[in-house]
K.L.:
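Structure in structure tokens, see below.
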Amino acid sequence: MRIFENRNMVFVTKHSKESVVSPIMEKETGCNVIVESRFDTDKLGTFSRECDRTESQLNTARIKINEGMKLQGIDIGIASEGSFGSHPFVPIPWNTEIVLLFDKKENLEIYGIYEGPQTNYNHMLTSSYEDVLEFAKKIGFPEHYLILRPDNEYSSEIIKEIHNYEKLFDAFKRCAELSKTGVVFIETDMRAYANPTRMRNIGRATQDLVSKLLSLCPECGAPGFIVKDIVRGLPCEDCNHPSKMPLKYKSDCYKCGHSEENLYPKGQFASPMYCDICNP
Ligand SMILES: [Zn+2]
Ligand SMILES: [Zn+2]
């Protein structure tokens with residue numbers, strides 16, 4: 001018997017994410033994923049800036065799940081939410097995908113995550129169709145769709161669903177005609193169905209969610225027995241002063257309260273490079 005055997009689980013999405021998420025969830029947990037596409041998730045924010053996301057990534061996923069549970073009258077749901085930007089320290093594109101699960105009956109919230117540089121997230125301003133073709137090639141067009149606008153990234157004229165060279169040429173011509181400055185803004189489409197690379201990352205986040213769920217409490221067998229707290233202070237190998245490296249991980253069960261500590265998860269001593277005394 002799997003952890004959610006035969007339970008109906010609502011999944012709010014309007015960009016076909018179910019094609020990657022549902023098979024993993026159903027196979028690994030035994031649930032039946034019910035896709036709910038009536039809620040307009042674009043109201044919570046779009047990657048192409050027609051509507052800015054005002055909530056955090058996690059809160060946006062929570063809102064989607066709540067709306068889905070209301071629409072379907074179901075007490076468990078999942079939602080996926082992505083973000084794109086630069087790596088915090090290095091100027092490379094960076095994708096963070098979360099897949100959140102909320103089981104209202106059990107009051108269990110848990111998420112899976114993918115974070116990494118595997119994305120084609122990119123944009124360009126140009127007046128040359130040669131440049132557009134080069135950009136298209138680099139980002140994996142036509143499997144990965146493109147979005148075009150005249151002038152700049154905020155123009156209200158926007159052309160989407162560009163997934164073949166005929167459409168690309170027409171869109172470029174139209175935007176060049178409309179442009180006041182003579183340039184066209186071109187960008188990668190980050191919606192899941194328009195971006196197979198992102199879709200794969202959503203799959204990875206779903207796998208992470210499943211592996212966390214399938215970590216069961218050794219006492220009562222409840223799902224989601226994962227590290228909840230990291231206690232820092234691993235002693236420095238040179239001066240023995242407590243460093244910022246983890247000393248122990250703490251896991252606890254949401255259901256029976258059983259907890260476990262895992263001492264020295266990264267070794268018995270910290271390198272002096274993590275020590276405030278040796279490497280201030
Ligand atoms: Zn337990
Ligand atoms: Zn030290």
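Every number for a ligand or one of its atoms is a count from 1 in the order of the listing.
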K.L.:
Verify, without hydrogens or angle tests, whether Ser243 (side chain) and Leu234 (backbone) share a donor-acceptor contact under 3.5 angstrom.
P.N.:
yes

K.L.:
For His15 and Tyr193, take the angle between the two ring planes, folded into 0 to 90°, and tell me which bin it lands in: parallel under 30, tilted 30 to 60, perpendicular over 60.
P.N.:
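Ring orientation, 0 to 90° scale: tilted.
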
K.L.:
Which heavy atom in Pro218 sits nearest to a heavy atom in Glu260, and how many Å separate them?
P.N.:
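That closest heavy-atom pairing would be CG-OE2, 3.2 Å.
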
K.L.:
Has Glu26 got a side-chain atom pairing as donor or acceptor with Val33's backbone, closer than 3.5 angstrom?
P.N.:
yes

K.L.:
Has His241 got an N, O or S atom lying less than 2.8 Å from the Zn ion (ligand 2)?
P.N.:
no

K.L.:
For the Zn ion (ligand 1), does an N/O/S atom of Cys253 lie at less than 2.8 Å?
P.N.:
yes

K.L.:
Rounded to 10 degrees, what angle sits at the Zn ion (ligand 1) between Cys220 SG and Cys256 SG?
P.N.:
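That angle is 110°.
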
